[in-house]
Amino acid sequence: MHPLLSKNSGEKMLLLGNEAIVRGAIEAGAAVAAAYPGTPSSEIANNLFFISLQGDWPLYFEFSTNEKVAMEVAASAAAAGVRSLTCMKHVGMNVASDVLMTLAYVGVKAGMVIVTADDPSMHSSQNEQDNRIYAKFANLPMLEPTSPQEAKEMTIEAFELSEALELPVIVRTTTRTSHVRGPVELGPLPETVKQKGAFQKDPRRWVPVPAVARMRHKVLLDQMEKAKEFVEGSRFNTKTGQGKLGIVASGVSACYVEDAISELGVADKVTFLKLGFPYPFPRKLLEGFLADVDKVLVVEELEPFLEDELKIICKETGRDIPVLGKASGHFSRMYEFDPLMVKKAIAEVLGVEVPMTEAPDLSSLPPLPMRPPSLCQGCPHRETYNAVKEALKELGQEENAIYPTDIGCYTLGLLPPIQMADYLLCMGSSVGSSSGFSIATDHKIVSFIGDSTFFHSGLSSLASAYHNEHKFCLVVLDNSTTAMTGHQPNPGIEIRPAGYDRPRIPIEDAVRGLGIKNVYKVNPYKKKEAVDVFKEVLAKDELSVVIAEAPCILYYRKVGGKK
Amino acid sequence: MDTKKILFTGVGGQGTLLASRLLGEAVMAAGMDVRVSEVHGMAQRGGVVESTVMIGGLKSPIISKGEADILVSFEPLETIRALDRCSKKTTIITNITPIIPITVKLGQGEYPDVDHWLDFMKSNYKRVCALDAEELAKEAGTAKAVNVVLLGVLVGLSELPVDKEMMEETIKTRVKPKFVDANLKAFELGLSQVES
């Protein structure tokens, strides 16, 4: 039995925020889920995957090839009346955004929850975009938990709301809510789960040709008006205290505010508005709050999402009080916050002292050596990088070579001593960017992409590169898993978790299927042979694909070395 | 109730996350509120891995500069790196076996003088417990139990609302069955470091 299903209603478990979301989805009767993994969202998908694989619960889960596909899978299940969930990291929402923007128009029948896990400070990401803006952009309701307990409750609430409004609902976490454990009280599991629905044809709803889309945009706006009734009365939006300084926060920032109020002993000086259901903005609640205080401090990581709205409300209602936050310089638009930072800002606005602990003088501390993450000892990617380097050296092309790279463990090839990662944008960008470099430069281009990333968004770019006659060597680092995010399967894998028997698509077949003739396979551990292949390929000036095939050593050990 | 902010730090693969999780489970079993924060993803590939256990109703999952009540470090360089999170009132528990970072091997930095900094800690912080946790873990039967040795020391210091029995119970239920005996032994060895 999967641990998340092993305890009874009423019992407590110490769950990660991400695990709590899974438990919430199960308690809410979600029957279809699809995702592409990405930190800090990955544990949601992993747990759903294993629950589904073990057959412990009537749930269908798939790792789709990318976030767009996953959102489409979940959307159509919900259109057919089956509750569904998709989850992704913040940048994954960019991939799915083409779906999202129109899904908001056509809506759903059964509840559909979209989890976006943002990564302020970029612990494991290439940017720190604030996905609350997607809620506003697509015009969809959004909840933001502060703790694992809330993560579970809000997931359940999100399904109810979604069904009531016939719109997908976004649950937005950040690294510090996804990757925090806390006690979660379990609720009852549903007695039945609706696994099959029936799609009711209605082209005037589900097929957004211009005439339909024009109608549906109005429906969306009307539904979001209805959502305002839910948001105004939501138990997740709470006001505490009666002081004259108003503080507004959501997500993990609300945790810092709560601790700061208590540690500074200023509960009588502040009114704290915690917004667990911040979008659509609870206009009446905010107006009432602004009327009761004479100054506002907005505590939110990244963009001034709530701050700007409060300023709009002040302007429109003629309430002329200071709204402090990003624009006033109290907080940065960059990086995540920490408790002391929030304490200091509140203390400054209130004119009180921060009780400081006395720290020993560390001025004699020497500069400490960094400890960057690195490719594991024995990792096959190291061998592939070395073989490419050796081949280029023998061809006298090492100085002229550039290495567009992609997203995965192998991005760590950036670091010394390998240093073979020169350009990166996003998932799959190795292929498209190599095409651009091949047009605009005379460099020898060798680009790197992993097996999972190849299926995510390398395939269509490679078709484009071949059709448009670009010249580069694409090395597919095929370690038979999605390693960085915790070893999820992808269509190409040969090594499988027990019980996983979905059909395999060998990458070589896929590449040859596109019409590309220069396709080679190497075993990176057979160095001489690998170098010879790379020399042959890199001597030519044409598109080629070399698949470097060797399993991730961590995964190979985990599954007991079985193919 | 008193709050406690405990910072765990170490290198990816040392088991810091399991240690903080075990402590969190024991605190929850004792009926107290707890938050445990973890680092997942890229840093786990041999980078610095930090986690925290926040006891007594604290909502914040992370610890700012100067605010750790207890530092539990799995590696001496990481202990030194985390000193700015400590104050004179901080208790420091540290393993003394260095793991040399790649940057030092490549000549891009110098590993600090551990003995010098241990002396500094002993004369500047509330309490310092420095030990070769790896040696004790090996004695218990598995070098991987460094994390549980350090948990033994932590519980042995009696600064937390978690006693020996609660922690042992948690180890029995949370550690994979075949490793329970070695981990219980490692825990005892950690405890005995404080008693001696």
Side-chain angles (χ1 to χ4, degrees), chain A residues 12-14 16 39-40 42-43 119 123-125 146-148 175-183 252 254-260 262 336 338-343 356-362 364-377 409 411-412 415-417 484-486, chain B residues 3 11-13 20-21 24-25 27-29 33-48 54 57-67 75 77-78 80-81 83-84 86-90 99-104 106 108-113 117 120-121 123-125:
Chain A
K12 276 188 179 174
M13 288 182 84
L14 188 71
L16 275 181
T39 314
S42 304
E43 298 76 18
D119 191 18
H123 297 279
S124 290
S125 306
T146 66
S147 66
T175 300
R176 301 301 182 182
T177 43
S178 274
H179 289 164
V180 166
R181 283 182 192 280
V252 73
C255 299
Y256 302 142
V257 171
E258 265 190 73
D259 284 351
S262 147
E336 65 179 5
D338 68 66
L340 184 59
M341 188 189 285
V342 173
K343 229 179 329 189
M356 291 297 287
T357 49
E358 203 186 334
D361 178 11
L362 294 176
S364 62
L365 208 63
L368 298 175
M370 299 297 286
R371 195 188 292 279
S374 59
L375 291 170
C376 303
Q377 290 299 323
C409 288
T411 319
L412 294 169
L415 299 167
M484 178 67 95
T485 48
Chain B
T3 59
V11 178
S20 54
R21 184 174 175 188
E25 294 277 4
V27 173
M28 188 180 78
D33 199 8
V34 66
R35 295 265 166 108
V36 179
S37 82
E38 305 183 349
V39 168
H40 294 220
M42 192 178 257
Q44 285 180 294
R45 300 279 178 267
V48 183
M54 314 290 272
L58 290 163
K59 305 289 184 227
S60 304
I62 56 173
I63 299 175
S64 298
K65 284 190 177 168
E67 296 203 330
E75 200 279 341
L77 166 61
E78 298 317 317
I80 299 166
R81 203 190 305 278
L83 286 179
D84 67 350
C86 302
S87 75
K88 289 183 177 175
K89 291 181 184 164
T90 305
I99 298 175
I100 308 296
I102 177 84
T103 47
V104 170
L106 294 169
Q108 295 168 347
E110 203 176 317
Y111 199 92
D113 178 347
W117 286 100
F120 174 88
M121 287 178 223
S123 50
N124 283 284
Y125 296 85

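Throughout, a chain's letter reflects where its sequence line sits, starting with A, and its residues are numbered from 1.
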* To do: Kindly say whether S60(B) contributes a backbone atom to a donor-acceptor pair with the side chain of D259(A) at under 3.5 angstrom?
  => yes
* Is a donor on one side and an acceptor on the other found under 3.5 Å between the side chain of R35(B) and the backbone of K59(B)? -> yes
* To do: Let me know if E358(A) has heavy atoms under 4.5 Å from chain B in its side chain, its backbone, both or neither.
  => both
* Asked: Given the options G182(A), C376(A), G486(A), P416(A), which has more heavy-atom pairs under 4.5 Å with chain B than any of the others?
  -> P416(A)
* Asked: More than 12 heavy atoms of other residues, nucleotides or ligands under 6.0 Å from CD of Q108(B): is that the case?
  -> yes
* To do: Measure from the side-chain N and O atoms of R81(B) to the backbone N and O of P369(A), and report whether any donor-acceptor pair falls under 3.5 Å.
  => yes
* C409(A) to L375(A) - nearest heavy-atom pair and separation -> O-CD2, 3.5 Å
* Heavy-atom distance under 4.5 Å to chain B: side chain of M13(A), backbone, both or neither? -> backbone
* Quick one: what part of Q377(A) sits under 4.5 Å from any heavy atom of chain B, side chain, backbone, both or neither? -> neither
* **Region of T175(A) in contact with chain B, defined by heavy-atom distances below 4.5 Å** => neither
* Structure fact -> Greatest number of non-hydrogen atom pairs under 4.5 angstrom with chain A, of P112(B), A29(B), G109(B), S87(B), falls to S87(B)
* Go through the atoms of I80(B) and report whether side chain, backbone, both or neither lie under 4.5 Å from a heavy atom of chain A. => both
* Most contacts with chain B, counted as non-hydrogen pairs under 4.5 angstrom, among T485(A), V342(A), L365(A) -> L365(A)
* Structure fact -> If one checks every heavy atom of D84(B) against chain A at 4.5 Å, the contacting part turns out to be both
* **Main-chain N/O of L77(B) paired to Y111(B) side chain as donor or acceptor, under 3.5 Å** => yes
* Checking heavy atoms, do the side chain of P183(A), its backbone, both or neither come under 4.5 Å from chain B? -> both
* Given the options P360(A), C255(A), P148(A), S262(A), which has more heavy-atom pairs under 4.5 Å with chain B than any of the others? -> P360(A)
* Residues E336(A), I62(B); criterion side chain to side chain contact (heavy atoms under 4.5 Å, CB included); working and verdict -> CA-CA 11 Å; E336(A) 65 179 5; I62(B) 56 173; 4.2 Å; yes
* Could you pull out the closest heavy-atom pair between M28(B) and L14(A), with the gap in Å? => CE-N, 3.5 Å
* Asked: Is there a donor-acceptor contact under 3.5 Å from the side chain of D338(A) to the main chain of S64(B)?
  -> no
* Tell me, for L83(B) versus chain A, whether the close heavy atoms (under 4.5 Å) come from the side chain, the backbone, both or neither. => both
* Give, as side chain, backbone, both or neither, the part of L106(B) having an atom under 4.5 angstrom from any heavy atom of chain A. => side chain
* Look at M54(B), K89(B), E110(B) and state which one has the largest set of heavy-atom pairs under 4.5 Å with chain A. => E110(B)
* Asked: Shortest non-hydrogen contact from K343(A) to A260(A)?
  -> CG-CB, 3.7 Å
* Is it the backbone or the side chain of L16(A) that comes under 4.5 Å from a heavy atom of chain B, or both, or neither? -> side chain
* If only atom types and distance count, is the side chain of E75(B) paired as donor or acceptor with the main-chain N or O of I99(B) below 3.5 Å? -> yes
* Structure fact -> chain A shares the most heavy-atom pairs under 4.5 Å, among V104(B), D33(B), I102(B), V11(B), with V11(B)
* **Residue among T146(A), L368(A), D361(A) with most heavy-atom pairs under 4.5 Å to chain B** => L368(A)
